[in-house]
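Chain A is the first sequence line, chain B the second, and so forth, proteins listed ahead of strands; every chain is numbered from 1.
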Amino acid sequence: VTDRNLLSEQDFRDEFRAFLAQHYPAVWRQDSLRPFRRLRGNEARSWLQTLHMNGWRAPAWPRAHGGMELSFAKQMIYHEELEHAHVARIIDLGETQLGPVLMAHGTALQQSNFLPRILDCQDIWCQGYSEPGAGSDLANLRTSAVRVGDDFVLNGQKIWTTHADDSSHIFLLVRTGKFDRKQQGISFLLVDLATPGITIRPIQTLAGDADFCEVFFENVRVPTDALVGQEHCGWTVAKALLGYERVWLGSPTLCARALELATSIAHRSGKLQDSFLATRLAELTADMHDHRQLYKRYCDRISQSGTPGSEVSVLKINASELLCRLTEFCLELLDEAGGRLGEFGLNGLDIDPHWQFMMARPTTIFGGSNEIQRNILAKTVLNLPAE
Amino acid sequence: MTVSSDIELIAMLRESALALIEGAHDRKRLEFAGTPKSQFDEALWHELSGAGWTGILVDERHGGMGLGSDAAAELLNVVGASLLPEPVLGTAMLPAAIFRSLLDAPGVAEMAAELAGGHPFAVGLRCADARYSVQIVDDTLSGICSSVSLHPNASTILVFAEQDGEPALAAVNLSGLGVEKQEFIAGDSSLAADIRFTAAPLGNLLAVRAEAWKASDAALIMGRLGLAAMMTGAANTLLELVLEHLRTRVQFDRPIGSLQVLRHHAVDLKIAVELAEAGWRAAAAEPNAMMAAAAKARAGQTIVSVTRAAIQLFGAMGFAEEGGIGPYVRAANWWSAWMGNSRQLRVEAFGQSEDYPS
């Protein structure tokens with residue numbers, strides 16, 4: 001596979017754009033009906049394998065581990081081209097979350113065992129962090145792992161586990177000890193979901209799908225080499241990634257799709273004759289433009305400093321709240337039709353306004369609710385006194 | 001508009017501007033006791049023109065520094081942060097942007113050299129809705145230029161007008177026949193006026209048609225980018241004052257900044273300031289009509305929300321003139337409105353026609 005870092009930025013962009021045009025199936029594109037379309041299961045696996053076979057997989061991973069090792073600038077272009085081609089999202093936690101964790105904290109054996117199987121999609125990973133009593137207050141987690149001989153024995157429950165029913169493995173945070181600080185005594189484990197004692201139950205959401213699951217652990221025995229990093233130090237292992245998650249959650253892509261949909265609906269419904277609504281659309285378009293400038297500025301900063309600081313919570317808050325405003329605006333533009341469920345045609349445009357509205361709702365909650373993000377910013381960026 | 005891209009030079013410019021203002025500008029003069037007054041300081045103007053401020057954008061062949069609009073915006077960011085009432089944007093940066101876009105037009109070399117030497121010019125911009133409120137007929141001007149920034153030493157106004165349905169730019173004697181100034185004090189304590197022309201003799205016609213349009217665009221881009229930089233500078237300074245108040249003001253035995261509702265409010269103000277900062281810096285790096293309009297719209301919305309929140313967050317002292325919030329609030333209301341308010345600019349930059357784009 002060629003080192004695409006050697007290409008000029010424009011050549012890199014052209015090559016990836018041509019590749020996507022040739023290989024990405026039109027039926028999987030994000031469109032007016034499914035502006036935030038996600039691929040999962042076999043569809044996701046098939047697309048990731050196509051990327052892998054053509055040397056376009058894992059843009060941020062080092063070449064030594066089979067990734068593209070792109071500069072941050074080229075990673076930005078990579079994501080811009082995915083957006084440009086309306087490629088559906090894939091929650092590929094093996095690549096985006098676990099891979100970087102293993103490279104930083106895993107043993108050589110864990111790296112050689114798991115990293116190649118992430119790239120070729122033999123293993124599909126989900127993330128077990130949240131629990132019924134540990135959402136925003138993640139350090140309050142209680143799923144326990146007790147050492148019994150050469151094994152850990154797990155008991156407890158995870159929730160909001162995205163696509164657990166499509167996954168073969170789960171990486172999770174468990175309680176291995178009690179200390180003064182509740183962030184201590186947490187460990188990071190790798191578990192095969194086929195292990196006896198694990199039950200998965202999908203959760204139906206307001207958007208009408210079941211992207212999230214509950215995962216139950218009842219006397220689940222896993223070998224102690226499933227531990228990543230030091231025992232009791234899993235919080236540090238997991239925390240390093242949360243910054244990147246907030247950068248990703250703050251990207252302009254979903255908002256761009258929502259604005260595209262709002263613009264199409266405004267035109268097709270003749271609502272631009274209403275100067276109030278036309279002004280609202282112009283203001284939302286400006287909000288999108290402004291968010292892009294902010295995103296670029298923060299990404300430029302990260303590309304210089306190497307790591308995102310807690311200030312990237314700004315991106316997550318701004319993007320998710322803009323997404324809510326945009327999807328609400330779509331309902332408003334549709335008058336009475338804004339209350340309909342399911343698909344229908346609007347002067348030749350296929351839309352499902354209820355779905356797009358509901359898909360935006362959880363973005364202000366997951367990845368750390370926006371209230372938690374504001375707490376973080378107040379403390380770390382504004383240096384306000386503790387509550 | 002051009003971009004300097006000399007990062008070190010721009011940083012030095014910023015440092016020296018901060019030092020100059022620190023020594024020469026006392027914010028006390030911005031206090032408002034019910035009667036609006038201009039707070040122009042002749043000695044300070046000399047000092048800053050002596051430091052080269054009026055010549056930053058002026059081409060080197062005309063005796064200026066020949067830097068880009070990003071350098072000018074950096075300076076204006078400092079001007080805004082310190083609420084300097086001297087009309088740097090209105091009577092130095094605006095005319096400089098015009099001269100810069102008309103290097104070879106007759107008379108420009110002399111005027112640009114005067115500007116670089118510290119002599120200010122007034123500018124009558126085209127309206128925010130891209131129409132002209134001044135007409136040129138038979139070599140005379142008639143109509144009104146609104147919201148013109150003034151300077152006691154400005155003797156000439158550069159007026160964008162319409163002649164035979166096409167844009168034109170004239171340099172007119174400010175105290176000539178048929179020119180009447182209706183002066184007012186703007187929110188930033190500077191002197192401004194609506195200027196009425198009644199068959200005023202056309203002075204020097206600097207440009208017509210495409211050239212005049214280009215100069216008009218250059219002035220508006222510089223003006224809006226400059227205001228975006230100024231407003232963000234002021235918003236940053238004021239937000240820091242608000243945060244310091246939240247950290248130190250104790251009620252119910254604890255700093256009020258420990259109360260979640262105030263912490264979250266402060267974070268929202270910070271997000272607004274970050275958006276404004278990203279906006280004006282992006283526009284400074286890529287100065288065009290759309291970027292400048294978007295940056296000004298965002299910065300205007302930001303300074304308006306920060307100033308109004310500041311009155312509330314400072315408690316009763318926020319409403320007292322001695323509390324120090326007033327100058328920011330007044331400047332915010334002027335700067336956010338001047339050259340188009342946020343709503344107007346967003347419709348201008350991002351509004352769509354009714355036809356479905358094919």
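Side-chain contact between A:T279 and B:R346 is absent, with no heavy atoms from C-beta onward closer than 4.5 Å. Contact annotation: the side chain of A:H289 approaches that of B:M290 to within less than 4.5 Å [non-hydrogen atoms, C-beta and beyond]. Side-chain atoms of B:L243 and A:N383, non-hydrogen and from C-beta on, never get closer than 4.5 Å to each other. At least one side-chain heavy atom of B:R263 sits under 4.5 Å from a side-chain heavy atom of A:K379. The shortest distance between side-chain heavy atoms of A:L377 and B:K270 does not fall below 4.5 Å.
When heavy atoms are compared at a cutoff of 4.5 Å, A:E371 approaches chain B by way of both its backbone and its side chain. Interface remark: A:Y298 contributes side-chain atoms only to the contact with chain B (heavy atom separation under 4.5 Å). Of the two parts of B:A294, the backbone and the side chain both hold a non-hydrogen atom closer than 4.5 Å to a non-hydrogen atom of chain A. Neither the backbone nor the side chain of A:R280 comes within contact range of chain B, judged by heavy atoms closer than 4.5 Å. Proximity to chain B (any heavy atom under 4.5 Å) is restricted, for A:I317, to the side chain, taken from C-beta onward. Using a 4.5 Å cut-off between heavy atoms, A:N318 contacts chain B through its side chain alone, with no backbone atom that close. In this structure, chain A has no heavy atom under 4.5 Å from any part of B:A297. Neither the backbone nor the side chain of B:R254 has a heavy atom closer than 4.5 Å to any heavy atom of chain A. Using a 4.5 Å cut-off between heavy atoms, A:R297 touches chain B through its side chain atoms alone. For a residue to count as touching a neighbouring chain, one of its non-hydrogen atoms must lie under 4.5 Å from one of that chain's; by this rule A:A386 touches chain B with the backbone only.
Most heavy-atom pairs under 4.5 Å with chain A: of the set B:L246, B:L259, B:D268, this distinction falls to B:D268. Of the listed residues (A:E283, A:K271, A:Q273), the one with the most heavy-atom contacts under 4.5 Å to chain B is A:Q273. Chain B forms the most heavy-atom pairs under 4.5 Å with one residue out of A:A266, A:G270, A:P385, and that residue is A:P385. Residue with the most contacts toward chain A among B:Q301, B:H264, B:M291: B:H264 (heavy-atom pairs, distance under 4.5 Å). Chain B forms more heavy-atom pairs under 4.5 Å with one residue of A:V314, A:L281, A:N375 than with any other, namely A:N375.
Atom CG in A:L294 sits 10.5 Å away from atom CD in B:E277 (nearest 0.5 Å). Rounding to the nearest 0.5 Å places CD of B:E274 at 8.0 Å from CD of A:E311. The line from CD1 of B:I271 to CD of A:E321 is 6.5 Å long, rounded to the nearest 0.5 Å. The CG atom of A:L382 lies 7.0 Å from the CG atom of B:L239; values are rounded to the nearest 0.5 Å.
More than 12 heavy atoms of other residues, nucleotides or ligands shown are found within 6.0 angstrom of CZ on A:F344. Heavy atoms from other residues, nucleotides or ligands lying under 6.0 Å from CD of B:E244 number more than 12. At most 12 heavy atoms of other shown residues, nucleotides or ligands fall within 6.0 angstrom of atom CH2 in A:W160.
Here the closest heavy-atom approach between residue A:A282 and residue B:F350 is recorded as O-CB, 3.7 Å. Residues A:A378 and B:V267 share a closest heavy-atom pair of N-CG2, 3.6 Å. The two residues A:E387 and B:S258 come nearest to each other via the heavy atoms CG-O, 3.2 Å. Closest non-hydrogen pair, A:L384 versus B:G257, comes out as CB-O, 3.7 Å.
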(request) Go through B:L275 and A:Q293 one step at a time and tell me if the side chain to side chain contact (heavy atoms under 4.5 Å, CB included) criterion holds. (result) CA-CA 8 Å; B:L275 280 162; A:Q293 309 315 314; over 6 Å; no
